[in-house]
K.L.:
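Supplied in structure tokens, the structure appears directly below.
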Amino acid sequence: MATEELKPLPLVRWETPELTGTLPVHLCSESDGPRNTRRKLTAGILLTALAISLLGMMLASAGIGQMQLTPSEVFASVMHRLGLEWGTLPAQQHAESALWAIRFPRVVMAITIGAALACSGVLMQGVFGNPLAEPGVVGVSSGAAAFACIVIVFGLNFFGTWTVAFGAFVGGLVATALVYATARSGGRTEVVTLVLTGVAINAVGGAVIALMTFLGDSSSREEIIFWQLGSLNGTRWDNVWVAGPITVVGIGIAFFFTRKLDLLALGERPARHLGVDVEKLRRQVIVLVAILTSAAVAFAGIIGFVGLVVPHILRMALGPGHRVLLPASALGGALLLLIADTAARTMVPNADLPIGMLTALVGGPFFFWLIRRTRKGAGGWS
Amino acid sequence: MSRRVVMQAHQARLELGGREILSGVELELYAGEVVALVGPNGAGKSTLLSALCGDTRLDSGNITLHGVTLSGWKVKDLARLRAVQMQESNVSFSFDAQDVVRMGRAPWAGTSFEDHDDEVIAAAMQASESTTLAPRLFPALSGGEKARVAFARALAQETELIMLDEPTAAMDIRYQELLLTRTRERASMGATAVVVLHDLSLAAAYADRIVLLDAGKIRIAGTPRQVLQPHIIEEVYRHKVAVIEHPESGGLAVVPLRPHLNTRHGLREEFV
């Protein structure tokens, strides 16, 4: 029997529409429509608000720093580049060149990496069926970082500017596959196993990084340390040209998995009963998580907790449906990381704080709260 | 009843951890019938069901659906042919009950049947009396409520085969009867239903055929009257039972004998 011939056995006519006896009052047909409309409205408002905040923050962030520019000057500069003679250009000397050579690549990179990390969090949580799964927590980030360190220290250069990114991808892939293979059994992920696997992988990853720090010369050593803490300092356009396309394509592909990830929330067998090829979905999502995470790690180092905090908060506001959660998380992650990076480079005058430290400072306590809250609510995750 | 064979198991054998869970299972399922799988704990009911729905591969023998081996069907096409309600339903994230029922429509996404989604979901929820649960978060529902929503999801899939693994375990009397009435109605619309049940009286009341499993083999399969004979039940379940006929409806009820209740009728010595 071919696919086209399969037809549903219609459900609409019931021979005995109601059993004998009194039935409870049915509320659905009336309350159902407004509820769905309200949900769509909330999603629309939130997505728009996130997008507008992100645009506003981009203009503001590009203007903040040792050289202060107003958002309207930044806007005018962008418009002039696009060939539109709107507004007044920044008056300061070299402002234009500083803006385009230093600030903008960093702003775009922050957005890219924030979106990539938040989306890989969403994907990972979806495929593990667990809100604790996050690239940093389970060790994917440190796996990617370890391999990237190896590439740096041994001066490998087989893919030009893409070599570090490629190394990070291989590391991320190995770590994700390892976590998946060990933490899942019988179609479910136990939290304890998941977190312990993360501990083990983080330990090995940390050891490899330490070894590379030991082996490397002083310049690569500096590079490693700085980048272990996470930083966007010194981002250039050619970095953006690598990380940006990977992230955009990766998130684009992720949209094809949203419906299947919803079904996977029912568990593996029920998802299969509904037509999801679970094995295939798993493999595809794991590769995608590794791609997105490594794109971020390769250029900004380990920035934890973005993939944990952003999806979780948005899930509370929007519900768990991946079709809305994914774009919202991309925007939310971009906004959060841009704010964090702006803080990192402006909080202390003449110093660039490591951004990974900032996100961990906020994300760590959040993680703690998340554990307590879930334990109280549902007796744990397992 | 039209005797169109929908599914066929031939010499089905399955091992788990070196132990034979199913052996030599021969079973034919026809369109328009309700088949109850019964048997003691560990007899292989759930394993047989999971083999029939294509989740567990046989070690030897084969199961065919419309003449094609189960493993030869695409996962996607199978989802349009059979719906499954598992013993327990859990959802990892806080989807509400209606979202969960809507997931049952996934196999028809991208076809013209998708247009009826809302209608079918409403009908399925009404049929399982889970309409009022629609806005509630699935993880916060009680066991019986979850089972009703899971049943609605299976109905919403609109398949010709419906497989239910102990669907009534967490349900009260009203919903037990409701669920099996709806299952019978689906059968009268042409569907085939396979239901794992523990309650033999429920099986007697709603099944066209009962398949009694014992230690991985089919002990006997046939009409409730053929299967529910006291000596067979007592042998398989290792407990004395009485099979009584309801004075009005004529339906069968299987009642375990409870020696401690029998003293006042002077029947005690029979069991001593």
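Residue numbers begin at 1 in each chain, while the letters A, B, ... track the order of the sequences. Reckoned from all heavy atoms, side chains included, excluding hydrogens, waters and symmetry mates.
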K.L.:
Rounded to the nearest 0.5 Å, what's the gap from CG on A:Asp277 to NZ on B:Lys74? Could you check?
P.N.:
11.5 Å
K.L.:
Would one find more than 12 heavy atoms of other residues, nucleotides or ligands at under 6.0 Å from atom CD of B:Glu88?
P.N.:
no
K.L.:
Could you tell me if the side chain of B:Lys76 sits less than 4.5 Å from the side chain of A:Val276, heavy atoms only?
P.N.:
no
K.L.:
May I ask you to say whether B:Arg102 pairs ionically with A:Asp262, meaning some side-chain N is under 4.0 Å from a carboxylate O?
P.N.:
no
K.L.:
What part of A:Val278 is in contact with chain B, defined as an atom under 4.5 angstrom from a non-hydrogen atom: side chain, backbone, both or neither?
P.N.:
neither
K.L.:
Just verifying a value: how many Å separate B:Trp108 CH2 and A:Leu6 CG, rounded to the nearest 0.5 Å?
P.N.:
6.0 Å
K.L.:
So which part of B:Thr111 gets closer than 4.5 Å to some heavy atom of chain A, the side chain, the backbone, both or neither?
P.N.:
neither
K.L.:
May I ask you to name which of A:Gly319, A:Gly321, A:Gly275 has the most heavy-atom pairs under 4.5 Å with chain B?
P.N.:
A:Gly275
K.L.:
For the atom pair CZ (B:Phe93) and CG (A:Leu325), what is the distance rounded to the nearest 0.5 Å?
P.N.:
8.5 Å
K.L.:
Where the side chain of B:Arg82 meets the backbone of A:His273, is there a donor-acceptor pair that is under 3.5 Å apart?
P.N.:
yes
K.L.:
Check for a donor-acceptor pair, side chain of B:Glu160 on one end and backbone N or O of A:Leu9 on the other, with a separation under 3.5 Å.
P.N.:
no
K.L.:
Determine whether A:Pro270 and B:Arg153 make a side-chain contact, defined as any pair of heavy atoms from C-beta on separated by less than 4.5 Å.
P.N.:
yes
K.L.:
Does the side chain to side chain contact (heavy atoms under 4.5 Å, CB included) test come out yes or no for A:Leu11 and B:Arg186, once each step is laid out?
P.N.:
CA-CA 8 Å; A:Leu11 187 71; B:Arg186 276 308 270 174; 3.7 Å; yes
K.L.:
Under a 4.5 Å heavy-atom cut-off, does chain A meet the side chain of B:Phe113, its backbone, both or neither?
P.N.:
side chain
K.L.:
Using heavy-atom distances under 4.5 Å, tell me whether A:Arg259 contacts chain B through its side chain, its backbone, both, or neither.
P.N.:
side chain
K.L.:
Look up atom OG in B:Ser92 and atom CG in A:Asn130, then write down how far apart they are to the nearest 0.5 Å.
P.N.:
8.0 Å
K.L.:
Could you check which of B:Leu78, B:Thr159, B:Asp99 has the highest count of heavy-atom pairs closer than 4.5 Å to chain A?
P.N.:
B:Asp99
K.L.:
Hey, are B:Asp165 and A:Arg269 close enough for a salt bridge, meaning a charged N less than 4.0 Å from a carboxylate O?
P.N.:
no
K.L.:
If I measure from the heavy atoms of chain A, does B:Met86 come under 4.5 Å with its side chain, its backbone, both, or neither?
P.N.:
side chain
